[in-house]
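Counting begins at 1 with the first residue of the sequence.
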Amino acid sequence: QVQLVESGGGLVQPGGSLRLSCAASGSIFSINYMGWYRQAPGKVRELVADIRSGGSTNYANSVKGRFTISRDNAKNTVYLQMNSLKPEDTADYYCNAHVTTVQATGATFSYWGQGTQVTVSS
């Protein structure tokens, strides 16, 4: 079994910064993909940024230049540094990981965290 635990959300003023963390734990053999998604009220969940085990990254156009995704492979942890936050960044942020477990090294499964709320407001 694999668990993803997010932390770092909260209330911040426009222009401020937050750093989200997501730690994966359990019977992990390897993690190729880790990503951050967000879902605002009444909207569909969307990709914010993702990162592969080799370090390649991908960002939504709306966050390019403001957000930075990184990962610590030794700790199975992914981070999202969010700068110059805007009210439209307000959403629940979810971590996603594509995990190969020790028990099933021939398959990869997608796991989600429980979400952390980010509110950008004055």
Side-chain angles (χ1 to χ4, degrees):
Q1 194 64 281
V2 174
Q3 299 83 35
L4 301 181
V5 178
E6 299 117 332
S7 61
L11 172 64
V12 64
Q13 292 186 342
S17 298
L18 283 175
R19 188 191 193 211
L20 305 183
S21 300
C22 172
S25 63
S27 301
I28 298 169
F29 179 77
S30 65
I31 304 177
N32 177 36
Y33 171 97
M34 300 189 84
W36 286 98
Y37 292 73
R38 67 186 181 188
Q39 187 167 17
K43 294 190 176 181
V44 299
R45 189 173 297 186
E46 63 176 1
L47 173 69
V48 176
D50 58 33
I51 184 167
R52 265 68 177 177
S53 57
S56 62
T57 59
N58 178 49
Y59 294 91
N61 287 334
S62 59
V63 307
K64 282 182 180 177
R66 300 189 297 123
F67 291 9
T68 302
I69 190 170
S70 61
R71 64 187 284 176
D72 185 332
N73 291 330
K75 296 181 178 180
N76 291 326
T77 298
V78 63
Y79 306 96
L80 185 69
Q81 179 66 44
M82 305 185 293
N83 298 328
S84 302
L85 282 161
K86 304 176 180 179
E88 50 263 44
D89 294 318
T90 295
D92 291 325
Y93 283 71
Y94 297 88
C95 174
N96 177 250
H98 295 180
V99 180
T100 299
T101 63
V102 172
Q103 293 83 359
T105 57
T108 299
F109 299 94
S110 177
Y111 294 88
W112 290 91
Q114 80 288 353
T116 185
Q117 189 173 56
V118 172
T119 302
V120 185
S121 175
S122 56

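Counting heavy atoms from C-beta outward, Glu46 and Arg38 have side chains that approach closer than 4.5 Å. Taking 4.5 Å as the limit, every side-chain heavy atom of Ser53 sits out of range of all side-chain heavy atoms of Ser30. Under the 4.5 Å side-chain criterion, counting only non-hydrogen atoms from C-beta, Val48 is not in contact with Tyr59. Met82 places a side-chain heavy atom less than 4.5 Å from the side chain of Leu20. A heavy-atom distance below 4.5 Å is not found between the side chains of Trp36 and Asp50. In this structure the side chain of Thr90 never reaches within 4.5 angstrom of the side chain of Ser121, judged on heavy atoms.
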Would Gln1 and Gln3 satisfy side chain to side chain contact (heavy atoms under 4.5 Å, CB included), going step by step from the backbone distance to the final call? CA-CA 7 Å; Gln1 194 64 281; Gln3 299 83 35; 3.3 Å; yes
Going through the checks in order, is the side chain to side chain contact (heavy atoms under 4.5 Å, CB included) test met by Arg52 and Asn32? CA-CA 6 Å; Arg52 265 68 177 177; Asn32 177 36; 4.0 Å; yes
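Gln114 contributes atom CD, which lies 8.5 Å from atom CG of Leu4 (distance to the nearest 0.5 angstrom). Here the CE-OG1 distance, from Met34 to Thr57, works out to 14.5 Å after rounding to the nearest 0.5 Å. Rounding to the nearest 0.5 angstrom, the gap separating the SG atom in Cys95 from the CG atom in Leu80 is 10.0 Å. Distance check: Asn76 CG to Ile28 CD1 gives 4.5 Å after rounding to the nearest 0.5 Å.
Hydrophobic clustering (side-chain heavy atoms under 4.5 Å, transitive across Ile, Leu, Val, Met, Phe, Trp, Tyr) groups Leu47 together with Trp112. Hydrophobic clustering of Ile, Leu, Val, Met, Phe, Trp and Tyr side chains at less than 4.5 Å, counting indirect connections, keeps Val99 apart from Tyr37.
Smallest separation of non-hydrogen atoms from Ala24 and Ile31: CB-CD1, 3.9 Å. Residues Ser70 and Ile51 share a closest heavy-atom pair of CA-CD1, 4.0 Å. When all heavy atoms of Leu85 and Leu18 are compared, the pair lying nearest together is CD1-N, 3.9 Å. The shortest non-hydrogen separation linking Gly115 to Glu6 is N-OE1, 2.7 Å. Nearest heavy atoms, Ala91 versus Ala40: CB-N, 3.8 Å. Heavy atoms only, all atoms of each residue included: Ser17 and Ser84 are closest at OG-N, 4.4 Å.
For Thr108, the side-chain hydrogen bond (donor to acceptor under 3.5 Å, both in side chains) partners at least two apart in sequence or on another chain are Thr100.
Cation-pi geometry between Arg71 and Tyr79 is not satisfied (NZ or CZ under 6.0 Å from the ring centre, within 45° of the ring normal).
A ring-ring contact (aromatic ring centres under 6.0 Å, His included) check over residues 83-110, counting only residues at least two apart or in different chains, returns the pairs Tyr33-His98.
Using modelled atom types, no side-chain atom of Thr119 and backbone atom of Leu11 make a donor-acceptor pair closer than 3.5 Å. Using modelled atom types, one side-chain atom of Thr77 and one backbone atom of Lys75 make a donor-acceptor pair closer than 3.5 Å. Remark: side-chain polar atoms of Asn96 are paired, donor with acceptor, to backbone N or O of Tyr111 under 3.5 angstrom.
Ionic pairing of Arg45 and Asp92 is not present here: no N-O contact between side-chain nitrogen and carboxylate oxygen is shorter than 4.0 angstrom.
A side-chain N or O of Gln103 and one of Ser27 form a donor-acceptor pair less than 3.5 Å apart.
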